[in-house]
Amino acid sequence: MMAWLVYTLAAFYLVQIVTALDNGLARTPPMGWNDWERFRCNIDCNNDPNNCIGEKLFRDMIDRIASGGYKDVGYEYVNLDDCWMSHERDENNRLTANSTRFPNGIKSLADYAHSKGLKLGIYEDYGLLTCAGYPGSLNYMDIDAQTFADWGIDYLKFDGCNSLPWTMDKGYPEMTRALNKTGRPIFYSCEWPLYQRAVLIKPNYNLIRENCNLWRNFDDINDSWDSVLSVINFYTNEQDKLIAAAGPGGWNDPDMLVIGDFGLSYDQSKSQMAMWSIFAAPLMMSADLRTISDEAKEILLNKEVIAVDQDALGKMGRRVISRGNIDVWCRPLVDGCYAVVFFNKAVGGGPSNVTVTLEEIGFTKTVEKYALRDLFLHRDLGNYNVRGTFVTSVNPTGVVMVTASPVKF
Ligand SMILES: *[C@@H]1O[C@H](CO)[C@@H](O)[C@H](O)[C@H]1NC(C)=O
Ligand SMILES: *[C@@H]1O[C@H](CO)[C@@H](O)[C@H](O)[C@H]1NC(C)=O
Ligand SMILES: *[C@@H]1O[C@H](CO)[C@@H](O)[C@H](O)[C@H]1NC(C)=O
Ligand SMILES: *[C@@H]1O[C@H](CO)[C@@H](O)[C@H](O)[C@H]1NC(C)=O
């Protein structure tokens, strides 16, 4: 018994003490906007001036995020993805933005974001070239980190195209050090495990966590339910490894939210928001905030779901029950609370009824009663005994999301 207890405690603390990157950032998962899923590498500013990767698009999004209610609920980073650069470095080997599309340069864009109380993120690649063929950072990490710091950049997404994945255990930490040397805290988002997994290298999540604030481990998300579901399935299958890796300072990245784009139904949009929050994932929108529907916007601005994502305990949730089409996920929160998602994977038919006891979801049994609240209906559901049953009805490809708080007498 004692030996078992000591072993269990040791295992628990080992998981807990894996050090995170020490740059003071990412105490909770980042929230913001990235152009890639919605706008891709559209550089045709002649024919599509409002949607091409250029200054106007980012200024428009900064304006929307600052004044459309997004900043108020926590969205803060506005991130450039691939295709912002000129194809050539300058005479000092520094990167430059495409001067036709960014006539005032990146520094002025960062200043603009900062003037609105937001932060600006940028994209580069660990290899010879970015995925879209622009200059990569290989052999230029110190110069590039310093350039970003000089521009006032707050966040770097560091891709892994056109590089050798078996050199990443050395190479990604080189950029960690280069960023640190600038003295500017810059959020560091890595794609290191994604590229290693692609060539069957087992990612060393301890090392990744010591060097990155965020890490992508699965394919780029697309604007469809199939794509969102494939990400959820990956996170389900790999949950033991991913839960152990995540915590304040560094998080798993299932990629952008596609809520407000073209591919997801209303139920599916709520499902992505709920699952990403249970995963303690970044909430990085990639929709056109100038034309987004009220319905999608309401989901993205759901403060109660966002509070789960941003919970200070920083524990990623776990799938605790899988019964037919229904998966039940549970994430422990501060103060002995829990967030629970009932997820219906069925792609046809009508709503499914689910009956569970709170005990079997894994709630602490020493608490007799929990107060349940529905986070999409914004409604208290009453008090439930830990051994009693809870019944709910879940739409196909949809979710019901609740929080449970101990009832104190
Ligand atoms: C650089 O690293 C040191 C040691 O980990 C840390 O204390 C410091 O805050 C870091 N600075 C930046 C700008 O990230
Ligand atoms: C800037 O982007 C335009 C497309 O919008 C392209 O035609 C031009 O060659 C680019 N300039 C540089 C210096 O890369
Ligand atoms: C998105 O589409 C790309 C290109 O077809 C594909 O390689 C990738 O696996 C897709 N990602 C997901 C998560 O479905
Ligand atoms: C689900 O539960 C509701 C309310 O108890 C009931 O009216 C409905 O018939 C049930 N549906 C199924 C499919 O069992």
Side-chain angles (χ1 to χ4, degrees), residues 20-21 25-26 28-38 40-41 77 79-83 121-127 129-132 136-137 155-169 171-173 175-176 179 186-223 227-239 241-247 249-258 272 275-286 309 316:
L21 171 57
L25 302 173
T28 62
M31 294 175 65
W33 186 89
N34 175 300
D35 63 81
W36 186 257
E37 199 297 312
R38 177 64 179 78
R40 305 280 164 155
C41 191
Y77 291 101
N79 293 353
L80 299 143
D81 209 284
D82 206 347
C83 304
I122 208 155
Y123 168 99
E124 240 298 5
D125 190 285
Y126 161 65
L129 297 169
T130 71
C131 300
S137 276
Y155 184 117
L156 171 64
K157 174 175 173 179
F158 210 40
D159 211 335
C161 277
N162 305 305
S163 73
L164 305 172
W166 48 92
T167 65
M168 287 180 173
D169 285 3
Y172 267 88
M175 188 49 118
T176 310
L179 291 170
I186 297 179
F187 189 107
Y188 185 33
S189 163
C190 300
E191 303 215 12
W192 170 3
L194 165 61
Y195 285 90
Q196 290 198 327
R197 282 188 55 259
V199 294
L200 307 178
I201 298 171
K202 195 168 157 264
N204 177 348
Y205 279 112
N206 287 355
L207 189 61
I208 292 166
R209 182 171 168 75
E210 281 167 21
N211 285 283
C212 304
N213 295 121
L214 191 68
W215 45 87
R216 280 277 306 286
N217 31 37
F218 194 64
D219 297 356
D220 284 11
I221 202 158
N222 302 306
D223 188 10
S227 180
V228 171
L229 188 60
S230 72
V231 176
I232 294 173
N233 288 340
F234 173 80
Y235 270 64
T236 311
N237 296 334
E238 301 271 314
Q239 65 175 353
K241 271 177 253 170
L242 301 182
I243 291 167
W251 311 94
N252 296 295
D253 181 6
D255 211 3
M256 289 159 268
L257 299 170
V258 293
Q272 194 189 18
M275 292 309 301
W276 263 233
S277 298
I278 283 285
F279 294 156
L283 300 177
M284 227 28 107
M285 306 179 285
S286 191
D309 181 75
M316 179 182 163

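Keep in mind that the numbers below use all heavy atoms, side chains included, and drop hydrogens, waters and symmetry copies.
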Original post:
How close do Y172 and Y188 get, heavy atom to heavy atom, and via which atoms?
Top reply: O-OH, 2.8 Å

**OP:** Could you pull out the closest heavy-atom pair between S137 and M175, with the gap in Å?
**Re:** OG-CE, 4.0 Å

**OP:** Could you list the residues that satisfy side-chain contact (heavy atoms from CB on, under 4.5 Å) with N206, not counting sequence neighbours?
**Re:** V18, N204

Subject >> Any side-chain heavy-atom pair of S189 and W215 under 4.5 Å >> reply: no

Subject >> Listed partners of Y123 passing ring-ring contact (aromatic ring centres under 6.0 Å, His included), at least two apart >> reply: none

**OP:** Can you measure from CG (D82) to CG (L129) and round to the nearest 0.5 angstrom?
**Re:** 10.0 Å

**OP:** With sequence neighbours left out, write down each residue that passes side chain to side chain donor-acceptor pair (under 3.5 Å) with W251, or none if nothing qualifies.
**Re:** none

**OP:** Mind checking side-chain contact (heavy atoms from CB on, under 4.5 Å) for T28 and listing every partner two or more places apart, or none if nothing turns up?
**Re:** Q310

Original post:
How about F187 and L214: do any of their side-chain heavy atoms sit closer than 4.5 Å?
Top reply: yes

Original post:
In chain order, what residues pass the salt bridge (charged side-chain N to carboxylate O under 4.0 Å, His left out) check against D255, with sequence neighbours excluded?
Top reply: R216

Original post:
Considering residues at least two apart in sequence or located in another chain, which fulfil the side chain to side chain donor-acceptor pair (under 3.5 Å) criterion with Y126?
Top reply: T167

Original post:
Taking all non-hydrogen atoms of both residues, which atom of Q272 and which atom of M256 are closest, and how far apart?
Top reply: NE2-O, 3.1 Å

Which donor-acceptor pairs under 3.5 Å do side chains of residues 192-200 form with protein atoms, sequence neighbours excluded?
residue : atom : partner : partner atom : Å
W192    : NE1  : D169    : OD1          : 2.8
Y195    : OH   : D159    : OD1          : 2.7
Q196    : NE2  : P165    : O            : 3.0
Q196    : NE2  : D169    : OD1          : 3.1
R197    : NH1  : N217    : O            : 2.8

**OP:** Please list, chain by chain and in numerical order, all residues satisfying side chain to side chain donor-acceptor pair (under 3.5 Å) with S286, sequence neighbours excluded.
**Re:** none

Original post:
Roughly how far apart are K157 NZ and Y77 OH, rounded to 0.5 Å?
Top reply: 15.0 Å

Original post:
For D309, which residues count as a salt bridge (charged side-chain N to carboxylate O under 4.0 Å, His left out) partner, sequence neighbours excluded?
Top reply: none

**OP:** For D223, enumerate each residue passing the side-chain contact (heavy atoms from CB on, under 4.5 Å) test, keeping only those at least two apart in sequence or located in another chain.
**Re:** E37, V258, D261, F262

Subject >> Any residue meeting side-chain contact (heavy atoms from CB on, under 4.5 Å) with S230, in chain and number order, not counting sequence neighbours >> reply: F218

**OP:** Measure the shortest side-chain to side-chain distance between N79 and I122 over non-hydrogen atoms and say whether it is less than 4.5 angstrom.
**Re:** no

Original post:
Excluding sequence neighbours, so at least two apart, what forms side chain to side chain donor-acceptor pair (under 3.5 Å) with N211?
Top reply: T176

**OP:** Indicate yes or no: at least one non-hydrogen side-chain atom of R209 is less than 4.5 angstrom from one of L21.
**Re:** no

